[in-house]
Amino acid sequence: MTKNLILLGLPGAGKGTQAEKIIADYPMVHISTGDIFRANMKEETELGQKAKAFMDAGNLVPDEITNAMVADRLAQSDVVENGFMLDGYPRNEEQAKFLDQFLADRNDKVSATLYFQVPDQVLVDRLMNRGRADDTKDVIAHRLEVNKKANLPLVDYYENHGVLHTIDGNGELDRIYSDVKTVLDALD
Ligand code: AMP
């Protein structure tokens with residue numbers, strides 16, 4: 001069976017690093033909606049033009065546009081054959097429901113959602129270290145709060161659907177990845 005994964009975690013939780021490790025060992029196709037939007041903006045495609053104003057303002061691109069783009073990507077043969085690892089999508093419950101319905105229509109489902117959990121203070125420290133000089137502690141703390149509000153309903157959603165796996169994202173990269181592998185290898 002192919003595996004379909006979703007990665008969840010606040011900024012600084014280490015999703016990107018773990019995504020690279022997963023992709024090196026497993027066949028799933030890594031799909032980052034932010035990357036697809038950025039590529040379309042660069043190429044000045046119609047999708048890129050539609051998304052630009054929202055992205056420039058730091059807002060979410062409307063679900064209608066985002067869901068259509070994701071559906072398009074998930075229908076491609078590499079994803080159908082190898083499964084997917086979604087990063088940056090879903091961002092709200094409407095998108096999560098859309099994804100479930102889209103997959104159900106082709107007799108498929110989300111296999112697991114990996115939620116990388118890291119204490120707030122560690123996230124603030126990490127973001128301070130990698131952020132811009134004008135990223136003050138308060139601004140970073142605010143960004144985390146905003147993201148938390150958006151993330152927690154999804155954590156609940158996938159928990160209620162029985163596919164949530166919480167990974168302790170604080171500590172040694174190798175230990176975190178070994179916990180990820182334990183989850184992935186136990187999926188059928
Ligand atoms: P990211 O790189 O994931 O932070 O995404 C960058 C920007 O792309 C976001 O600020 C949104 O404007 C847009 N975007 C990415 N993923 C989504 C999504 N699932 N729903 C709506 N907008 C998105």
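Both ligands and their constituent atoms are indexed starting at 1 by order of listing. Just the heavy atoms: all of them, side chains too, but no hydrogens, waters or symmetry mates, feed the values below.
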Ligand 1 atoms in contact with [X] (distance to a heavy atom under 4.0 Å):
X	answer
Tyr89	19 (N)
Gln95	18 (C), 19 (N), 20 (N), 21 (C)
Thr66	18 (C), 19 (N), 20 (N), 21 (C)

Donor-acceptor under 3.5 Å ([X] side chain, [Y] main chain):
X	Y	answer
Asp63	Gln95	no
His161	Tyr157	yes
Thr33	Gly88	yes
Asn40	Ile36	yes

**Asked** Of all heavy-atom pairs between Gln121 and Lys137, which one has the smallest distance, and what is that distance?
**Response**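 That closest heavy-atom pairing would be NE2-NZ, 4.1 Å.
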When you look at [atom1] of [X], are more than 12 heavy atoms from neighbouring residues, nucleotides or ligands closer to it than 6.0 Å?
X	atom1	value
Glu94	CD	yes
Lys21	NZ	yes
Glu20	CD	no

Among protein heavy atoms, which sits nearest to [atom], and what does the distance come to when rounded to 0.1 Å?
atom	result
atom 16 (N) of ligand 1	Thr33 OG1, 2.8 Å
atom 12 (O) of ligand 1	Asn59 O, 2.7 Å
atom 13 (C) of ligand 1	Phe37 CD1, 3.8 Å
atom 6 (C) of ligand 1	Arg38 NH1, 3.5 Å

**Asked** Are any of the N or O atoms of Phe54 closer than 3.5 Å to those of ligand 1?
**Response**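 Between Phe54 and ligand 1, no N or O pair is found under 3.5 Å apart.
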**Message:** Quick check: Val61 and ligand 1, any N/O pair under 3.5 Å apart?
**Reply:**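 Yes; the residue has a nitrogen or oxygen that sits under 3.5 Å from a nitrogen or oxygen of the ligand.
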**Item:** Nearest candidate to atom 5 (O) of ligand 1, where distance is taken over non-hydrogen atoms, out of Met55, Arg91, Met41
**Value:**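 Heavy atom nearest to atom 5 (O) of ligand 1 belongs to Arg91.
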**Under-4.0 Å heavy-atom contact with ligand 1, by part of Asn92 that carries it** =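 Looking at Asn92 and ligand 1, no heavy atom falls under 4.0 Å.
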